[in-house]
Amino acid sequence: MAAFWAEPDFDAHECVQLVHDRVSGLTAIIAIHSTHLGPAAGGTRFWHYADPAGAMRDALRLSRGMSYKNAMAGLPMGGGKAVILADKAHTKTPEMLAAFGDAVDAFGGRYVTAEDVGITEADMVAVSQRTAHVSGLPAQGEGSAGGDPGPFTAIGIYHGIKAAVHYKLGKDSLAGVHVAVQGTGSVGGGVARLLAQDGAKLTFADIHAERAAGLASELGANVVASEAIMSVTCDVFSPNALGAILDEEGIARLDCAIVAGGANNQLARPEHGALLAGRGILYAPDYVINAGGIISVATEYLARRQGVAADINEVRKRLAQIPGRLEVIWQESDATGISSDVVADRMAQDLIGRG
Ligand code: NAD
């Protein structure tokens, strides 16, 4: 096996730790990309990888993404990520979560964890029995931030879509603007509800067809098969399911003016940002538009460290800054001819001292 620092996804990460606990059977990777701006924050993914190298790639790539996301969200946090390697049956036990909590605690606050794919709020409550360096815990009453980051991610994306529609289409209202939403889960469903309130025309697809159909009947939207959503003629394509959907084939199918959604790592490879731009499609860099969840999680964590309840208004204030950041990126992209994803990467690299 080649050394992992020869991996294309290794980006001078500060620390990559393999954790194995023989008693509970926990195997995990905790990757800290950068602590330049503060403790490395990023969720824990619980996933079955056919090949452990895939887990390492995910940990390296996702932790770097968190450095960029946190920096561009204006948070005093660095970037990190944990990956727990699940077995095929996705067995998750209290003992594994306890061992994972101990592993996080051993970083002494250099890494702060929260929910990601496969990890619930209840799991984070279990982890919090072993370490204080955890967030995404249930909100402590009215007016305080906390809990599932999904709804906050959705609010940020909604703001971002409105900004994109204004920037690209010159419209101040979403009334009649057609948005095709790929994935109607926590984030996509939340985005769709907010768009519906503004009178947007909506088309949904989800591999769980009944999920898309249920939401469509609630909101008066259309449904298409999941293979068809990327070719729907629309104003905005909003990917809220999988990453790496924007490859040659996917981009060629798009019939929209804007791509703006919450899925992480939407571009299959870096060159696909330029391909999108070449087709005249405005792209909202994923880690800028989908920062709402980490904004909530980080605000909650920082408040708890100071012994106060996290103020929901602080979260709202930070969410409201997402459109402005996107506009700066798009203006710079238009002025220089450099695609928006590269503009965002360069801004993030400057912020984390790697410009
Ligand atoms: P989720 O599991 O609640 O929803 C994802 C939905 O996508 C599910 O309904 C699933 O059936 C559907 N789906 C999967 N593959 C599909 C396909 N090929 N076509 C159509 N639908 C498909 O997850 P979520 O929390 O809503 O996250 C969605 C995306 O947003 C993920 O990429 C996630 O990494 C990213 N994200 C989430 C958050 C958050 O706060 N939850 C924050 C940042 C980024």
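Quick caveat: nothing in here was measured; it's all calculated off a predicted structure. Remember, it's 1-based here, ligands and their atoms both numbered in the order they're listed.
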Could you please provide the protein residues found below 4.0 Å of ligand 1 on a heavy-atom basis, arranged by chain and number?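 Protein residues near ligand 1 are K69, P149, G150, T153, Q182, G183, G185, S186, V187, A205, D206, I207, H208, R211, S226, N240, A241, L242, G262, A263, N264, N290.
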
Would you say the side chains of T299 and R318 form a donor-acceptor pair under 3.5 Å?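 Side-chain D/A pair, T299 to R318: present.
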
For residues Y287 and D345, is any side-chain donor paired with an opposing acceptor at under 3.5 Å?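 Distance-only check passes for Y287 and D345.
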
Should the pair H48 and H90 be assigned to parallel (<30°), tilted (30 to 60°) or perpendicular (>60°) ring geometry?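 It falls in the perpendicular class, over 60°.
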
Could you point out which residue of R64, R61, M66 forms a side-chain contact (heavy atoms from CB on, under 4.5 Å) with H33?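 That would be R64.
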
Path from F237 to L195 over hydrophobic side-chain contacts below 4.5 Å: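 No; tracing contacts between hydrophobic side chains, which count when under 4.5 Å, never links both residues.
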
Indicate the atoms forming the closest heavy-atom contact of I32 with A40, along with that distance.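 For I32 and A40, the tightest heavy-atom pair comes out as CG2-CB, 3.7 Å.
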
